[in-house]
Amino acid sequence: MTTAPPTTDRTDRESESTMTSERRQILEMLSAGKISADEAERLLQLTSAGPSASATASTVTSTVAQILDPKFIRIIVEPDPTASGNHARHHVNIRVPLKIIRAGVNLASLIPNDAGNMVQDSLLSKGYKGDLSKLDASALDELIEALQELSIDATVDNHLVKVFVE
Amino acid sequence: MIPPMVMWIKIQWFGIWIPLFLLWPIVIALLLLILPFVFIGLSIAGRLSKFWMALRIILAAYSMMCSVRGLQIEIQKEHRTLEIYLP
């Protein structure tokens, strides 16, 4: 005789609808090439986490935002555990906010030409051949977009070097 | 946009939280004191465009300071350590 309150049914239906739309969104992003298969798998696991649908939905949303809009570039250098010999062991862990790039370019665009030339000469003398004066807003957007796909794994002088965005 | 309020710096064994929130009011007070004199001086000299340029540089530098939040640097080389963190 007793039936479940209609509000519970409605909540369940809303949760299912939210989950379906989020799965669809994840699959669309995967097909559009915005996220990798691994990232899609991680997000799909989050959507199928279970009963706390609203909490899961917010987690998925924040994870999607994190993947599509990375905040930091991370550089990690660790000694290679497979390397043999008695060499110097360095540990480096650097996290740089991506916002610095945009703010830095804005600031650099205001530097007077003479000072800008001095900076350029100084960079050239240290082996940096790029021309900072040619870095405008559109080039900056392209640079930041390209950085989102950045992932470097290398071994240099018995050390593992990892560079990625997060 | 809010600039970093504190900064952690550690060199070798010595680490300290630097209260940057004490620095910003001093910087703002100094700017408010100096800028009117700069404005008057440059307007008398007929070079007011320099004042607006200086103002733009100050705002861009402020934006740069705000975007530094989240910067984390940890370097260990042999027995030497350097840590900088701006939460």
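Hydrogens, waters and symmetry mates play no part in the numbers below; they use all other heavy atoms, side chains included. Below, read A as the first sequence line, B as the second, and so on, with proteins coming before strands; counting in each chain starts at 1.
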Evaluate whether atom [atom1] of [X] has more than 12 neighbouring non-hydrogen atoms of other residues, nucleotides or ligands under 6.0 angstrom away.
| X | atom1 | answer |
| --- | --- | --- |
| B/Leu30 | CG | yes |
| B/Met5 | CE | yes |
| A/Asp157 | CG | no |

Going hydrophobic residue to hydrophobic residue with side-chain gaps under 4.5 angstrom, can you get from [X] over to [Y]?
| X | Y | result |
| --- | --- | --- |
| A/Phe164 | B/Ile73 | no |
| B/Val27 | B/Leu86 | yes |
| B/Ile11 | B/Ile16 | yes |

Can you tell me how far the [atom1] atom of [X] sits from the [atom2] atom of [Y], to the nearest 0.5 Å?
| X | Y | atom1 | atom2 | result |
| --- | --- | --- | --- | --- |
| A/Lys99 | B/Cys66 | NZ | SG | 8.0 Å |
| A/Leu107 | B/Leu59 | CG | CG | 11.0 Å |
| B/Leu71 | A/Arg95 | CG | CZ | 8.5 Å |

- Note on the structure: In terms of heavy-atom contacts, A/Pro97 and B/Arg69 come closest through CG-O, 3.3 Å
- Message: When you compare the side chain of A/Ile100 with that of B/Met64, does any pair of heavy atoms fall below 4.5 Å?
- Response: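 The answer is yes, as the side chains (C-beta and beyond) meet within the 4.5 Å cut-off.
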- Looking at B/Arg80, B/Lys77, B/Gln72, B/Glu83, which has the largest count of heavy-atom pairs under 4.5 Å with chain A?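 When all of B/Arg80, B/Lys77, B/Gln72, B/Glu83 are compared, B/Gln72 has the most.
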- Message: For chain B, which candidate among A/Ile94, A/Ile75, A/Asn93 shows the most heavy-atom pairs at distances under 4.5 Å?
- Response: A/Asn93
